[in-house]
Amino acid sequence: MQKSDGDIAILAIESSCDETAAAVVVNGRDVRSNVISSQIALHTLYGGVVPEIASRKHIEKINQVINQAMQDAQADWNEIDAIGVTYGPGLVGALLVGVAEAKAISYARGIPLVGVHHIEGHISANYIERPELAPPFLCLVVSGGHTHLVRVIDYGKYEVLGRTRDDAAGEAFDKVARAIGLGYPGGPKIEKAAESGNQEAITFPRPKVADGEYDFSFSGLKSAVLNYLNGCRMKGIEIVQADVAASFQKAVIDVLVEHSMQAVESCGADKFAIAGGVASNGALRRAMEEACQKRGVSFYHPSPILCTDNAAMIGAAAYYEFQSGARSGLDLNAVPNLKLGER
Ligand code: KG4
Ligand code: ZN
């Protein structure tokens, strides 16, 4: 592997949900390999992620994925300066596979270990393709498990301004997709269906949380869609899948944009980023881009492959943690409900 004096190469491992992933990242932004083994096809059969199946599949795949990442990067073990691994939040059995693997490599090869917060990984995905991006900035993290509006004060230093009180944005996409017969995973399927739909066809609510300016609530919106579908069925009205998808997607995007821009304005932020699986949604990006442009704010978003779960983003986050002196011991454990900013 090409490496200069002082370069820090990190082997990163991610297994918090249904992707087994490994990557080699140099100096936090230079991705030398990014291998992702997705279990989506397997879980599609059950309409969602089955935790026990996810854990088993991670065990089957993890060595293969790591070897591939090392091979793609043409990396030798003695060139790896640290192992970065997601230790939370996520499914405990799934996280444990990555954590145990990382600890085993760290112990056997004497390589330092750095535990990484999954959301910090998603945020750090933004550094990979935009070398000029540095904190402070605001970031909206929208994934299957999380909807967080975060102030990135410095590398590794975060303030959560708002979060969802119930369903995550991606979860709402997945549930609505299932209800209209699009199947799992819902996000990309809703996006596709919405392209040929009319987003003004149905008026769904834009839910607000009374005592939390930046908090989100998506379960009410999901219920409104379910009520609408039931109403149609009872009245014998035809359900136009594309119109439901487009109108639902528009309601989610409106809420995400409004809350984010409120935060941008009140924090006086000049940089705004999105991250997480839902950030790969083209309509969301366009809406955010336009809203940022209007306010003279620079907008950042990772490529779709770096939005959904991957290990390159964990390598980016691990680098900044490593540089700040963070090291994990062999007692590192999976923490399924790990909070951002905790170690
Ligand atoms: O970040 P991610 O891969 O996993 C978590 O950490 O949760 O996000 C997965 C979520 C799923 O809910 C999926 O439906 C959603 O991201 N998603 C999308 C799109 N692609 C993935 N949602 C909306 N539009 C998309 N194009
Ligand atoms: Zn994720």
Side-chain angles (χ1 to χ4, degrees), residues 12-21 23 34 36-40 43-44 47-49 51 54 58 85-91 94-95 98 116-126 139-148 150 163-164 167-180 182-195 197 199 216 218 221-222 245-246 248-253 255-257 273-288 301-314 316-317 336-338 340:
I13 301 171
E14 155 65 41
S15 70
S16 67
C17 190
D18 58 348
E19 262 92 31
T20 321
N34 188 22
I36 305 166
S37 168
S38 173
Q39 307 176 358
I40 284 180
H43 297 289
T44 300
V49 178
H58 284 311
V85 65
T86 307
Y87 74 108
L91 302 169
L95 287 164
V116 174
H117 192 290
H118 184 73
I119 297 190
E120 179 172 20
H122 274 302
I123 295 170
S124 305
N126 277 287
C139 186
L140 174 74
V141 186
V142 267
S143 72
H146 314 278
T147 306
H148 276 47
V150 181
R163 53 163 59 83
T164 182
D167 292 351
E171 198 177 346
F173 269 92
D174 293 335
K175 287 178 177 170
V176 167
R178 195 181 311 162
I180 59 175
L182 286 171
Y184 173 84
K189 294 194 171 157
I190 295 239
E191 180 175 10
K192 187 91 197 58
E195 280 165 16
Q199 61 180 26
F216 302 92
F218 290 108
L221 172 57
K222 173 199 67 192
F248 160 76
Q249 181 173 276
K250 179 76 168 71
V252 175
I253 291 174
V255 172
L256 293 176
V257 172
I274 55 173
V278 183
S280 59
N281 184 288
L284 174 65
R285 282 170 186 222
R286 287 189 291 277
M288 286 294 189
H301 60 82
S303 292
I305 193 69
L306 295 172
C307 284
T308 44
D309 289 349
N310 65 86
M313 68 183 197
I314 303 302
N337 55 358
L338 184 67
L340 190 64

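Both counts, for ligands and for their atoms, begin at 1 and track the order of listing.
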Novice: Identify, by atom number and element, the atoms of ligand 1 in contact range of Gly170, meaning under 4.0 Å from any of its heavy atoms.
Specialist: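 So the answer, numbered in order with elements, is 12 (O).
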Novice: Between Leu182 and Lys189, what is the shortest heavy-atom contact and its length?
Specialist: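 So the minimum-distance heavy-atom pair works out to O-CD, 2.9 Å.
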Novice: Can you name the atoms of ligand 1, numbered from 1 with element, that are less than 4.0 Å from a heavy atom of His122?
Specialist: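 Atoms satisfying the 4.0 Å criterion: 1 (O), 6 (O).
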Novice: Would His118 count as a contact of ligand 1 if the rule is a heavy atom under 4.0 Å away?
Specialist: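 Heavy atoms of His118 do come under 4.0 Å of ligand 1.
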Novice: With the Zn ion (ligand 2) at the apex, how many degrees lie between NE2 of His118 and OD1 of Asp309, rounded to 10 degrees?
Specialist: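 The two atoms form an angle at the metal of about 100°.
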Novice: Using a 4.0 Å cut-off to any heavy atom of Thr308, which atoms of ligand 1 qualify?
Specialist: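 Going through ligand 1 atom by atom, the ones under 4.0 Å from Thr308 are 3 (O).
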Novice: Yes or no on side-chain contact (heavy atoms from CB on, under 4.5 Å) for Leu91 and Ser16, after CA distance, side-chain angles and deciding distance?
Specialist: CA-CA 6 Å; Leu91 302 169; Ser16 67; over 6 Å; no
Novice: Considering only N, O or S atoms, which atom of His122 is nearest to the Zn ion (ligand 2)?
Specialist: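 So the atom name we want here is NE2.
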Novice: Between Phe218 and Phe216, how do the two ring planes meet: parallel, tilted or perpendicular, split at 30° and 60°?
Specialist: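 Plane angle under 30°, so parallel.
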Novice: Does Ser280 reach ligand 1, in the sense of a heavy atom lying below 4.0 Å from it?
Specialist: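 Checking ligand 1 against Ser280, which is what was asked, there is a heavy-atom contact under 4.0 Å.
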Novice: Would you mind checking which non-hydrogen protein atom is closest to atom 24 (N) of ligand 1, with the distance to 0.1 Å?
Specialist: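 Its nearest protein heavy-atom neighbour is Asn281 ND2, 3.0 Å.
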Novice: If you compare all heavy atoms of Ala251 against all heavy atoms of Leu221, which two are closest, and at what distance to 0.1 Å?
Specialist: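 Closest approach of Ala251 to Leu221: CB-CD1, 3.9 Å.
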Novice: Any non-hydrogen side-chain atom of Val278 less than 4.5 Å from a side-chain atom of Leu284?
Specialist: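 Touching, per the 4.5 Å side-chain cut-off.
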Novice: Find the distance between SG (Cys307) and NE2 (His301) and round it off to the nearest 0.5 Å.
Specialist: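 Rounded to the nearest 0.5 Å, the SG-NE2 separation comes out at 8.0 Å.
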Novice: How far is atom 3 (O) of ligand 1 from the closest protein heavy atom, and which atom is that?
Specialist: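 Minimum-distance protein heavy atom for atom 3 (O) of ligand 1 reads Asp309 N, 3.0 Å.
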Novice: Check Asp174 against ligand 1 and report side chain, backbone, both or neither, counting heavy atoms closer than 4.0 Å.
Specialist: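 It is the side chain that touches ligand 1; the backbone stays farther off.
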Novice: Considering non-hydrogen atoms of the protein only, which is the closest contact for atom 22 (N) of ligand 1, and what is the distance?
Specialist: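 For atom 22 (N) of ligand 1, the nearest protein heavy atom is Gly187 CA, 3.2 Å.
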Novice: Looking only at heavy atoms, which two atoms of Ala125 and Met313 are closest? And how far apart?
Specialist: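 Scanning both residues, the minimum pair turns out to be CB-CB, 3.8 Å.
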Novice: So which heavy atom in the protein is nearest atom 26 (N) of ligand 1, and how far is it from that ligand atom?
Specialist: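 Among all protein heavy atoms, the one nearest atom 26 (N) of ligand 1 is Glu191 OE1, 2.7 Å.
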Novice: So, for Gly276 and Ser143, which heavy atoms are closest and what is the spacing to 0.1 Å?
Specialist: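 Heavy atoms of Gly276 and Ser143 come nearest at CA-CB, 4.2 Å.
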Novice: Using heavy-atom distances only, which candidate in Gly277, Pro304, Gly145, Gly144 approaches atom 19 (C) of ligand 1 most closely?
Specialist: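 Considering heavy atoms of Gly277, Pro304, Gly145, Gly144, the nearest to atom 19 (C) of ligand 1 sits in Gly277.
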Novice: Should the pair Phe173 and Phe248 be assigned to parallel (<30°), tilted (30 to 60°) or perpendicular (>60°) ring geometry?
Specialist: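 Answer is perpendicular, since the angle exceeds 60°.
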